[in-house]
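We count ligands from 1, going down the list as the structure has it; atoms in each ligand are counted the same way.
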Amino acid sequence: MNTRRDFIRKISAPLIALPFLKQWQEEHVYDGKVLRVAIMGLGSYGTRVAEAMKESKKAKLVGVISGTPSKISSWQAKYGIPEANCYNYNDFDKIKNNPDIDAVYIITPNALHKDQAIRVARAGKHVICEKPMALNAKEGEEMIAACQQAGVKLLVGYRMHFELKTLEVVRLRKEGLLGKAMFFQGLSGFRIGDPTQWRLNKQLSGGGSLMDIGIYSVNGARYMIGEEPVWVTAQETKTNTEKFKEGVDETIQFQLGFPSGATASCLSTYAMNGLDKFFLNAEKGFAELQPATGYGPIRGKTNMGELTQPHYTHQAVQMDEMADIILNGKKPEIAVDGEEGLKDLKIIDAIYKACKTGKKVTLK
Ligand code: NAD
């Protein structure tokens, strides 16, 4: 039965929706330049990025680089990728002659990042590279130099740097609302399965949990505290030497010291599930994110209350923001360039050194 209430509901719904619609349109209509991206490495994260990019307004998936012809044809069908934009690992240097691709997003095992990034740079295309940017700081420096020489941008896939609750904590800290940062705790870990996967192969991963998941705590400590560490101590523990062979870390606890006297205490592990938490203690309050780095929604609170910023698909926002950085020179709140990736690699090098020597390592 139609009632007056039904009628009012019907006419008021569009009225109520109007301001939101306007806001939605302002946010979603974009007629500027679009970053045309080829994804290299059509694995599980590459697939996630490709799906997310459907929501991006400023970045578009236009090409693929893969060693598996069947994957190429299925991606072509799924994303409407022309034959001319498909490459394999042997011939992708030819991308140099392709005016329809602006950037290559490298989403392959860690050990391949450096050489692939250098080849992409030499082909004159911007490089977006997954974390960890490389296996160590020396490799990271080579990548930065190659991109500089080629005049292309180098960005690292730090999707949390665009996540709204994360950015809110950083804003509160930067604006002094939390007071001076004193202590950070980062817990990053999951129980890894299949022992034959590349993540547990030192040649392809360059290490273990620290390279893969612990890097979130390394990176998070820096943006939550807002300083660069000056010393590192670290301890490694291993319960399964069969699964976690020499050079593949299962669990590492590490501590960082910052110039202001602030400290961080972090856990990186492949042996425990559900570890994804950041906690910042500051003179006037605290901030907590849990989960802090998963695909979201991220949840967070501070001494002032719950964080209520909306969740957007991380990789969609990341690609829009990266398009703005590359095409329009936008400066992100938290850097995502090669130098940022290198800072994490220097700390990772120091953590491995501290594990090995049992000594405190000083960072310059
Ligand atoms: P994956 O194993 O699912 O995919 C890797 C892809 O690389 C596969 O398509 C594989 O065929 C290809 N590949 C090319 N050469 C290879 C070789 N020599 N050996 C093995 N595979 C080869 O891995 P993934 O989870 O997609 O991870 C890829 C990268 O993305 C890693 O650097 C990882 O750290 C990063 N990653 C980032 C996030 C994030 O949230 N930012 C999440 C997951 C993975």
Could you check which of [options] puts a non-hydrogen atom nearest to [atom]?
atom: atom 23 (O) of ligand 1; options: W198, Y45, Y295; answer: W198
atom: atom 24 (P) of ligand 1; options: M40, E130, R199, K131; answer: R199
atom: atom 5 (C) of ligand 1; options: T47, I107, I106, I39; answer: I107
atom: atom 13 (N) of ligand 1; options: P109, G41, G46; answer: P109

For [Y], is there any backbone N or O sitting under 3.5 Å from a side-chain donor or acceptor partner on [X]?
X: D102; Y: H126; value: no
X: K245; Y: E242; value: yes
X: K238; Y: F244; value: yes
X: D91; Y: N88; value: yes

Close-contact set for ligand 1 against [X] heavy atoms, below 4.0 Å:
X: L112; result: 15 (N), 16 (C), 17 (C), 18 (N)
X: G157; result: 41 (N)
X: S44; result: 1 (P), 3 (O), 4 (O), 25 (O), 26 (O)
X: Y216; result: 39 (C), 40 (O), 41 (N)
X: R159; result: 39 (C), 40 (O), 41 (N)

Original post:
Which word best sums up how the rings of Y158 and H161 line up, parallel for under 30°, tilted for 30 to 60°, or perpendicular for over 60°?
Top reply: parallel
Original post:
When the ring planes of Y295 and Y45 are compared, do they come out parallel, tilted or perpendicular, using 30° and 60° as the limits?
Top reply: parallel
Original post:
Counting both backbone and side chain atoms, is some N or O of G43 under 3.5 Å from an N or O of ligand 1?
Top reply: yes
Subject >> Polar atom proximity, N110 to ligand 1 (N or O, under 3.5 Å) >> reply: yes
Original post:
Are Y89 and I39 in one and the same hydrophobic cluster, where Ile, Leu, Val, Met, Phe, Trp and Tyr link if side-chain heavy atoms are under 4.5 Å apart?
Top reply: yes
Original post:
Is there a chain of hydrophobic side chains (I, L, V, M, F, W, Y, each step under 4.5 Å between heavy atoms) that links Y223 to L280?
Top reply: yes
Examine ligand 1 and decide if any of its atoms is less than 4.0 Å from a heavy atom belonging to [X].
X: R48; result: no
X: Y158; result: no
X: G67; result: no
X: M211; result: no
X: H113; result: yes

**OP:** Would you sort out whether F184 and F278 count as a ring pair (Phe, Tyr, Trp, His ring centres under 6.0 Å), showing the intermediate values?
**Re:** CA-CA 7 Å; F184 170 81; F278 285 178; 5.1 Å; yes
**OP:** Decide, yes or no, whether a salt bridge links R222 with E228 under the criterion of side-chain N to carboxylate O below 4.0 Å.
**Re:** yes
**OP:** Between K71 and ligand 1, find which residue part has any heavy-atom pair under 4.0 Å and reply side chain, backbone, both or neither.
**Re:** side chain
Original post:
How far is atom 19 (N) of ligand 1 from its nearest protein heavy atom, and which residue and atom is that?
Top reply: L204 CD1, 3.8 Å
Subject >> R191 charged N/C atom sitting above Y270 aromatic ring, 6.0 Å / 45° >> reply: no
